[in-house]
Participant: 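Quick one: this structure, given as structure tokens, is what I'll be asking you about.
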Amino acid sequence: MRAGESFVEGGWLTRVADWLSARAALVLLLLMVQLGVLVALFQMSGALGGPAAATKTRGGRAGCGMFEVVFSPAADLRGLRQWALNFDAQVVAGPNSRGAFELSAPQMGTDDLREALGPLADDVRPNPLCPPEAPAP
């Protein structure tokens with residue numbers, strides 16, 4: 001800073017402020033472009049309400065249990081684990097608001113599942129929230 005220059009009138013701070021204000025439109029434009037790119041990336045990844053990526057589970061099945069099962073109070077974890085391994089079944093979620101667990105058991109219908117579970121289950125029914133799988137071509 002030269003002798004006699006003040007910060008307010010014609011000083012270096014004024015020159016910096018003038019330089020910044022002349023480029024403010026460019027800076028704002030660059031910020032808007034960056035924001036647009038970020039929003040596009042989020043939408044492509046499904047993070048902003050786009051379709052969620054399908055989750056894969058054991059055996060490649062989707063994360064929706066085709067059946068709702070209310071297990072009997074006498075059912076124990078060891079018996080359920082062995083049953084699930086024998087029938088390639090999986091407890092997908094639960095218990096839900098109806099007190100049932102969502103169960104995925106490929107190649108089985110409701111009656112087959114009820115018979116296979118036997119005394120392990122008090123109630124077996126189709127899951128009303130899971131659409132039926134389309135038959136394989």
Side-chain angles (χ1 to χ4, degrees):
M1 193 163 105
R2 289 184 230 147
E5 268 187 1
S6 70
F7 283 108
V8 179
E9 297 175 12
W12 69 271
L13 192 56
T14 303
R15 287 194 300 264
V16 169
D18 290 340
W19 182 83
L20 286 176
S21 66
R23 282 144 187 89
L26 177 64
V27 170
L28 288 176
L29 179 67
L30 289 175
L31 287 174
M32 288 190 308
V33 168
Q34 288 177 348
L35 181 62
V37 169
L38 284 175
V39 167
L41 289 174
F42 276 127
Q43 286 180 341
M44 286 175 35
S45 71
L48 292 178
T55 58
K56 294 290 182 179
T57 59
R58 183 182 66 178
R61 294 184 299 274
C64 181
M66 294 299 297
F67 304 100
E68 285 188 338
V69 177
V70 177
F71 293 110
S72 71
D76 64 333
L77 186 58
R78 173 180 267 155
L80 291 173
R81 182 182 305 130
Q82 188 59 50
W83 180 89
L85 290 172
N86 288 344
F87 288 93
D88 191 29
Q90 180 178 9
V91 175
V92 177
N96 59 21
S97 61
R98 293 174 295 283
F101 289 82
E102 290 185 24
L103 190 74
S104 172
Q107 313 294 326
M108 295 185 90
T110 306
D111 293 333
D112 298 331
L113 182 61
R114 188 177 291 118
E115 185 178 330
L117 279 168
L120 293 174
D122 285 341
D123 188 21
V124 177
R125 57 189 176 256
N127 185 353
L129 301 177
C130 187
E133 292 179 1

Participant: I'd like to check the side chain to side chain contact (heavy atoms under 4.5 Å, CB included) partners of P119; sequence neighbours left out, ordered by chain and number.
Facilitator: none
Participant: Calculate, to the nearest 0.5 Å, the distance between atoms CG and CG belonging to L80 and L103 respectively.
Facilitator: 9.0 Å
Participant: So which pairs with a foot in residues 86-120 pass ring-ring contact (aromatic ring centres under 6.0 Å, His included), sequence neighbours left out?
Facilitator: F71-F101, W83-F87
Participant: Quick one: list whatever passes side-chain hydrogen bond (donor to acceptor under 3.5 Å, both in side chains) with N86, sequence neighbours left out.
Facilitator: Q82
Participant: Which other residues belong to the hydrophobic cluster containing L129, where Ile, Leu, Val, Met, Phe, Trp and Tyr are joined when side-chain heavy atoms lie under 4.5 Å apart, directly or via other members?
Facilitator: none
Participant: Could you measure the distance from the CD atom of E102 to the CE atom of M66? Nearest 0.5 Å is fine.
Facilitator: 10.5 Å
Participant: Do you know which two heavy atoms are closest between L113 and A105, and how far apart they sit?
Facilitator: CD1-CB, 4.1 Å
Participant: With R125, which residues qualify under side chain to side chain contact (heavy atoms under 4.5 Å, CB included), at least two apart?
Facilitator: E68, V70, R98, A100, D123
Participant: Holding to salt bridge (charged side-chain N to carboxylate O under 4.0 Å, His left out), I want the full list of residues that pass it with D76, two or more places apart in sequence or in another chain.
Facilitator: none
Participant: Please write out which residues are connected to L29 in a hydrophobic cluster, directly or through intermediates, given that two of Ile, Leu, Val, Met, Phe, Trp, Tyr count as joined at side-chain heavy-atom separations below 4.5 angstrom.
Facilitator: M32
Participant: For side-chain contact (heavy atoms from CB on, under 4.5 Å), just list the numbers for L35 and L31, CA-CA rounded to whole Å, side-chain angles, deciding distance to a tenth of an Å, and then say yes or no.
Facilitator: CA-CA 6 Å; L35 181 62; L31 287 174; over 6 Å; no
Participant: Sequence neighbours left out, what pairs pass salt bridge (charged side-chain N to carboxylate O under 4.0 Å, His left out) with at least one residue falling in residues 108-122?
Facilitator: D111-R114
Participant: Test of understanding: with side chain to side chain contact (heavy atoms under 4.5 Å, CB included), list the residues that count as partners of A121, not counting sequence neighbours.
Facilitator: V69, L117, V124
Participant: Between CG of N127 and CZ of F67, what distance do you get to the nearest 0.5 Å?
Facilitator: 9.5 Å
